[in-house]
Amino acid sequence: MLFPDVDVPSGWTAKDVGPRRWLLPPGLTAETSGARIVLVPLLGRRGDAGVKELLEETLRGELARFPHMRQTDFEPLTSDAGLAGLRFELAILKGAPTGGAPQPDDVQEWRAYAAFADEHFFYSLFLQGYPGWYERTVGTFWSTARSVRPTKVG
């Protein structure tokens with residue numbers, strides 16, 4: 001499996017978990033992680049689908065799993081190697097104990113997503129973090145996302 005080629009943050013460790021590669025902050029393991037950067041296997045590009053469609057599909061999948069979410073708008077993001085992409089952040093909200101609507105600040109988990117494309121592949125990664133951990137690692141995630149480099153074909 002090919003994953004996005006990124007600069008692994010200093011002190012972080014890489015671990016393959018199922019079909020994904022996790023980058024874990026210093027001192028954390030896959031079992032104890034309060035945050036992780038997840039590299040998604042490269043997807044071959046077909047047709048006219050772009051990064052926006054890829055992220056919209058990702059968002060639909062998250063909405064199917066987590067009915068209460070708050071998201072930011074998609075924003076442009078360019079990697080240091082010149083790959084054009086988009087980014088957004090997502091707060092997964094806890095449901096109210098009585099089954100009612102959650103409160104906007106009742107965040108169960110934060111996620112940040114970045115995706116890029118060239119003529120051959122989509123490059124996708126995201127940060128999963130629990131409150132407290134997310135704030136400590138989101139800056140590292142954006143630096144890692146900007147480090148994505150194109151994969152050479154042939």
Side-chain angles (χ1 to χ4, degrees), residues 1-30 32-93 107-154:
M1 238 180 282
L2 291 176
F3 294 97
D5 182 15
V6 299
D7 293 336
V8 175
S10 179
W12 289 51
T13 56
K15 178 175 176 71
D16 288 347
V17 180
R20 296 182 172 176
R21 179 165 292 153
W22 291 2
L23 305 180
L24 301 165
L28 295 181
T29 66
T32 63
S33 183
R36 63 181 150 255
I37 295 173
V38 180
L39 305 178
V40 179
L42 299 187
L43 296 172
R45 286 193 69 181
R46 288 179 234 111
D48 293 333
V51 171
K52 184 177 181 194
E53 290 80 10
L54 175 70
L55 288 177
E56 286 171 341
E57 182 65 28
T58 298
L59 194 53
R60 280 191 292 278
E62 296 293 35
L63 189 55
R65 293 178 53 215
F66 304 106
H68 304 292
M69 299 186 310
R70 184 179 72 233
Q71 77 173 80
T72 63
D73 292 332
F74 292 166
E75 295 178 5
L77 180 65
T78 302
S79 78
D80 296 338
L83 292 170
L86 294 171
R87 63 178 260 177
F88 76 97
E89 292 179 79
L90 181 69
I92 298 168
L93 306 175
V107 177
Q108 169 180 313
E109 182 179 319
W110 288 95
R111 296 191 180 184
Y113 294 84
F116 304 92
D118 62 17
E119 62 274 11
H120 303 288
F121 299 108
F122 287 112
Y123 306 85
S124 180
L125 62 158
F126 64 95
L127 171 68
Q128 273 183 283
Y130 296 105
W133 279 101
Y134 184 81
E135 296 82 0
R136 286 184 271 182
T137 56
V138 70
T140 301
F141 171 74
W142 294 124
S143 295
T144 302
R146 285 189 303 275
S147 78
V148 172
R149 293 175 286 278
T151 296
K152 298 192 182 355
V153 177

Nearest heavy-atom neighbours spanning [X] and [Y]:
| X | Y | value |
| --- | --- | --- |
| Pro26 | Ser10 | CG-O, 4.5 Å |
| Glu119 | Arg45 | O-CB, 4.2 Å |
| Trp142 | Ala112 | CZ2-CB, 3.7 Å |

Checking side chain to side chain contact (heavy atoms under 4.5 Å, CB included) against Ile37, which of Leu127, Leu24, Val6 comes through?
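That would be Leu127.
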From the options Trp133, Trp12, Phe141, Trp22, select the one residue that forms a side chain to side chain contact (heavy atoms under 4.5 Å, CB included) with Arg36.
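Answer after filtering Trp133, Trp12, Phe141, Trp22: Trp22.
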Measure the spacing between [atom1] of [X] and [atom2] of [Y] and express it to the nearest 0.5 Å.
| X | Y | atom1 | atom2 | answer |
| --- | --- | --- | --- | --- |
| Phe116 | Leu125 | CZ | CG | 6.5 Å |
| Ser147 | Leu83 | OG | CG | 10.5 Å |
| Gln108 | Tyr130 | CD | OH | 7.5 Å |
| Glu62 | Leu59 | CD | CG | 7.5 Å |
| Glu75 | Arg87 | CD | CZ | 5.0 Å |
| Leu63 | Ile92 | CG | CD1 | 10.5 Å |

So do [Y] and [X] actually touch side chain to side chain, heavy atoms under 4.5 Å?
| X | Y | value |
| --- | --- | --- |
| Leu23 | Pro9 | yes |
| Val138 | Glu89 | yes |
| Lys52 | Leu86 | yes |
| Pro4 | Leu42 | yes |

Check whether any side-chain N or O of [X] sits under 3.5 Å from a backbone N or O of [Y] as a donor-acceptor pair, and report yes or no.
| X | Y | value |
| --- | --- | --- |
| Ser79 | Val148 | yes |
| Glu53 | Gly50 | yes |
| Arg136 | Gly132 | yes |

Would you check, one step at a time, whether the test salt bridge (Lys or Arg N to Asp or Glu O under 4.0 Å) holds for Arg149 with Asp7?
CA-CA 9 Å; Arg149 293 175 286 278; Asp7 293 336; 2.8 Å; yes
Taking atom types as modelled, is there a side-chain donor on Tyr123 or Asp118 under 3.5 Å from an acceptor on the other?
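Yes - a donor-acceptor pair under 3.5 Å links their side chains.
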Show your working on side chain to side chain contact (heavy atoms under 4.5 Å, CB included) between Leu93 and Val107 and close with a plain yes or no.
CA-CA 4 Å; Leu93 306 175; Val107 177; 3.9 Å; yes
Mind checking ring-ring contact (aromatic ring centres under 6.0 Å, His included) for Phe88 and listing every partner two or more places apart, or none if nothing turns up?
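Phe74, Tyr113.
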